[in-house]
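For reference, the structure is listed below as structure tokens.
Residue numbers start from 1 in every chain, and the chains themselves are labelled A, B, ... in the order their sequence lines are given, proteins ahead of strands. Model, not experiment: these values are computed from the prediction.
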Protein chains: 2
Amino acid sequence: MQISNAEEITGFFKALSNITRLKIVAELAKNDKCVSDVENIIGTRQANISQHLAVLKKYGVVDCRRDGNMRCYFLRQPEVVKNVLWLLGKKE
Amino acid sequence: MQISNAEEITGFFKALSNITRLKIVAELAKNDKCVSDVENIIGTRQANISQHLAVLKKYGVVDCRRDGNMRCYFLRQPEVVKNVLWLLGKKE
DNA sequence: ATCTGATATTAACGTTTTCGTATATTCTTT
DNA sequence: AAAGAATATACGAAAACGTTAATATCAGAT
């Protein structure tokens, strides 16, 4: 097992190491969502959701596009994320 | 995508979100190793390696067995770990 | 019983995360 | 232009993390 891009990989893990961000990512795995959608589902303050989305974006897990005055967030590598979560869900 | 055991999953990510621990895990994916083996390969002080191994153990990523006065560490779910790392290695 | 090698634990300290509050930005509508 | 809705950013306090150095533990050999 060779780890070439270790920084990138630890970044991915860091991004998903917070329970709120994990929930956000699990939601985005279903479909793209704007910030207020996420806010309603997760039940956390808007500013905090935005902060977590910024972290996820910083580590390359998500990206977003404008849609009116909303921003629509989506997974950059949906299949990778889904497979990883599936593997861990199956764990023991 | 349903996340039932979110705590456990974020724990796994937290465990692997540090570059030293990622390296340790990548080494253990090759074969089991005692602390001094890891120390030599990673090139970090013994105390630090032990601490990181303790974190990995706390989050259920590794476990260990005694072998004389050494401790032999190994991955608890080698296939899960290998598959996750493989997926991320293939990213983009 | 003591010494030694291997590993673990603890304390201290600087750095990073997390989350709240407040404020700013940007687009849309009027 | 002004107001309102949606989102982002700034800042500060508390908690968590990472590293080093020092010390403790524990199994095996003498």
Separation of C/dT9 atom P from B/N48 atom CG, nearest Å, is 14 Å
Specify the residue among A/R71 and A/A47 whose closest nucleotide of DNA chain C lies further upstream toward the 5′ end.
A/A47
Polar pair under 3.5 Å, donor/acceptor by atom type, side chain A/Q46, base D/dA8
yes
Distance, rounded to the nearest Å, where B/L56 contributes CG and D/dC17 contributes C1'
14 Å
Considering just the side-chain nitrogens and oxygens of A/H52, establish if one lies under 4.0 Å of OP1 or OP2 belonging to C/dC19.
yes
Under 4.5 Å between any side-chain heavy atoms of B/D32 and B/R65, yes or no?
yes
Do B/Q51 side-chain and C/dT10 base share a donor-acceptor contact under 3.5 Å?
yes
Test side chain to side chain contact (heavy atoms under 4.5 Å, CB included), reference B/L16, set B/L88, B/V84, B/L56, output is B/L56
Give one of base, sugar-phosphate or nothing for A/S50, where a contact means two heavy atoms less than 4.0 Å apart.
base
Looking at side-chain heavy atoms only, is the closest gap between B/Q46 and B/S36 below 4.5 Å?
no
Given atom CG of A/L53 and atom C1' of C/dC19, what is their separation to the nearest angstrom?
15 Å
Rounded distance (Å) that lies between atom P of C/dA6 and atom NZ of B/K33:
18 Å
Using whole Å, report how far CG of A/D67 lies from C1' of C/dT28.
13 Å
Kindly indicate, with the supporting measurements, whether the criterion side-chain contact (heavy atoms from CB on, under 4.5 Å) is fulfilled by A/R76 and A/V61.
CA-CA 6 Å; A/R76 284 185 60 184; A/V61 178; over 6 Å; no
Among D/dT19, C/dC27, D/dC17, the one nearest B/Y59 by side-chain distance:
D/dC17
Using a cut-off of less than 4.0 Å, is there contact between a side-chain N or O of A/R21 and OP1 or OP2 of C/dT18?
yes
Can you check whether A/S36 has a side-chain N or O nearer than 4.0 Å to OP1 or OP2 of D/dT7?
yes
Side-chain N or O of B/Y73 versus OP1/OP2 of C/dA6: is the shortest distance under 4.0 Å?
no
Whole angstrom is fine here: how far is it from CE in A/M70 over to P in D/dA8?
13 Å
What's the closest nucleotide to the B/N69 side chain, out of D/dT7, C/dC27, C/dA6?
C/dA6
What are the two closest heavy atoms between B/M70 and B/C34, and how far apart are they?
SD-SG, 3.6 Å
Identify whether any heavy atom of B/K57 sits under 4.0 Å from a base atom; if not, whether one sits that close to sugar-phosphate; answer base, sugar-phosphate or nothing.
nothing
Establish, with yes or no, whether the OP1 or OP2 oxygen of C/dC19 is under 4.0 angstrom from a side-chain nitrogen or oxygen of A/T44.
no
Rounded interatomic separation in angstrom, taking CD1 from A/I49 and P from D/dT9:
15 Å
Between C1' of C/dA6 and CZ of B/R45, the distance in whole Å:
17 Å
